There are 2 protein chains.
Amino acid sequence: MRDIAREVGMEAASLYNHISSKQLLLKELLLEIAQLFTEGMKVINSQDLPSFEKLAALIRLHVDITVSHTDAISLLPSEWVHLEEPSLQAFIKLKDAYEKEFKAIITLAMKEGQLKELDPELTLFSILSTLRWLYSWYSKYSSKDIDRLKEGLIVSLLHGIKT
Amino acid sequence: MRDIAREVGMEAASLYNHISSKQLLLKELLLEIAQLFTEGMKVINSQDLPSFEKLAALIRLHVDITVSHTDAISLLPSEWVHLEEPSLQAFIKLKDAYEKEFKAIITLAMKEGQLKELDPELTLFSILSTLRWLYSWYSKYSSKDIDRLKEGLIVSLLHGIKT
DNA sequence: GTCTATACGCTGATAGAC
DNA sequence: GTCTATCAGCGTATAGAC
């Protein structure tokens with residue numbers, strides 16, 4: 001709290017005029033971002049696209065959210081474990097649903113012959129771990145190169161890096 | 001410290017007959033693992049292999065270390081930031097050197113035509129983030145399937161998942 | 001809304017008996 | 001080498017003046 005206070009130029013005690021607790025702050029930040037992914041998935045899934053294109057759209061979604069929510073996104077991979085009930089269960093529910101839908105698209109893309117028939121779980125994990133850690137690294141790209149980053153990730157993660 | 005003590009069946013105070021401080025414990029765990037990666041890289045780089053095969057060997061190295069050091073490996077992605085000087089600098093040096101050598105192999109594989117000519121930084125990041133988060137996920141594979149996991153990752157990360 | 005002062009629980013660590 | 005007792009510091013949070 002003292003770090004946050006210093007960052008916004010006040011004493012730690014003064015923060016409590018704006019938020020009621022640290023725990024609630026964490027909850028709001030995490031659930032807001034989780035909602036963004038949930039809604040993005042919903043939009044993509046409602047479109048009539050080949051599964052492979054849906055995967056590309058998901059990659060673009062992750063890049064967009066990472067760029068537009070630079071600060072809060074860094075909480076997503078690890079800090080959610082510190083949520084207390086019932087927020088913890090709410091978060092896990094969103095997370096599980098997201099991963100389930102992501103995996104379903106991967107599985108479908110495999111069945112339709114757009115992807116190799118590999119372990120869908122491993123494929124999901126491999127793609128998601130890269131997208132989740134994007135925030136720790138993407139700053140090397142200037143804001144004008146975001147489209148290049150998106151297409152680079154689509155090549156890396158979907159088309160493959162082998163010649 | 002109290003959690004660790006409970007896990008090994010003693011009081012927190014008794015731990016200090018075995019370790020001198022929490023900070024030193026963190027340092028020893030992290031530097032031990034960092035050394036494993038550094039030595040593994042050295043061995044692989046000393047072999048006369050095509051760059052692409054070196055990348056496959058690196059993937060197998062990550063899986064092997066993850067499996068054989070299940071507990072400590074989870075510290076590697078995030079906890080190193082809590083190291084104090086001079087351990088922090090020592091760790092960063094190993095980490096930077098490892099990533100540099102990893103990237104050099106990727107760049108070479110691209111020049112030799114074994115990989116597409118993509119952004120080497122993005123390619124490195126994409127592969128490493130998957131390998132680093134393996135620990136949080138690989139337990140779904142039974143110990144007998146470790147070879148299948150290795151080859152699955154080589155396909156996913158190097159050969160590509162597209163048909 | 002911000003400040004100072006302060007309460008209070010938790011955590012890393014030490015002292016000293018056994 | 002383990003225990004109990006204890007400490008000092010930190011971190012979240014509240015009270016109350018301004």
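Keep in mind it's a predicted model, so treat the numbers as computed, not measured. A note on names: the letters A, B, ... follow the listed sequences, proteins ahead of strands, and every chain is numbered from 1.
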Among C:dT4, D:dA13, C:dT14, which nucleotide sits nearest the side chain of B:Y16? C:dT14
Return the nearest nucleotide to the side chain of A:S14; candidates are C:dC3, D:dC3, D:dT12. C:dC3
Measure from [atom1] on [X] to [atom2] on [N] and round the result to the nearest Å.
X     : N      : atom1 : atom2 : answer
A:H82 : D:dG11 : NE2   : P     : 15 Å
A:L25 : D:dT12 : CG    : P     : 11 Å
A:K22 : D:dG11 : NZ    : P     : 9 Å
B:Q23 : C:dA13 : CD    : P     : 9 Å
A:I19 : C:dG1  : CD1   : C1'   : 14 Å
A:L26 : D:dT12 : CG    : P     : 12 Å
A:L24 : D:dA13 : CG    : P     : 10 Å
B:H18 : C:dT14 : NE2   : P     : 15 Å

Stretch residues 1-9 of chain B: residues that reach within less than 4.0 Å of DNA chain C through a heavy atom: B:M1, B:R2
Ignoring hydrogens and angles, state whether a donor on the side chain of A:S129 or B:T130 is under 3.5 Å from an acceptor on the partner side chain. yes
Between B:Q35 and B:E39 (side chain of the first, backbone of the second, donor and acceptor by atom type, cut-off under 3.5 Å), is there such a pair? no
Stepwise ring pair (Phe, Tyr, Trp, His ring centres under 6.0 Å) test for A:W137 and A:Y135: CA-CA 5 Å; A:W137 174 87; A:Y135 79 91; over 10 Å; no
Check this for me, if you would: do A:E99 and A:R132 make a salt bridge, where the nitrogen-to-carboxylate-oxygen distance has to be below 4.0 angstrom? yes
Got a sec, which pairs hit salt bridge (Lys or Arg N to Asp or Glu O under 4.0 Å) with one end in residues 101-110 of chain A, sequence neighbours left out? A:K103-A:E121
Given side chain to side chain contact (heavy atoms under 4.5 Å, CB included), test A:H82 with A:L88 step by step and report yes or no. CA-CA 8 Å; A:H82 300 118; A:L88 179 59; over 6 Å; no
Considering every strand and a 4.0 Å limit on heavy-atom distances, what is the contact class for A:A13: base, sugar-phosphate, or nothing? base
Sub-4.5 Å side-chain heavy-atom contact between A:L58 and A:M41: yes
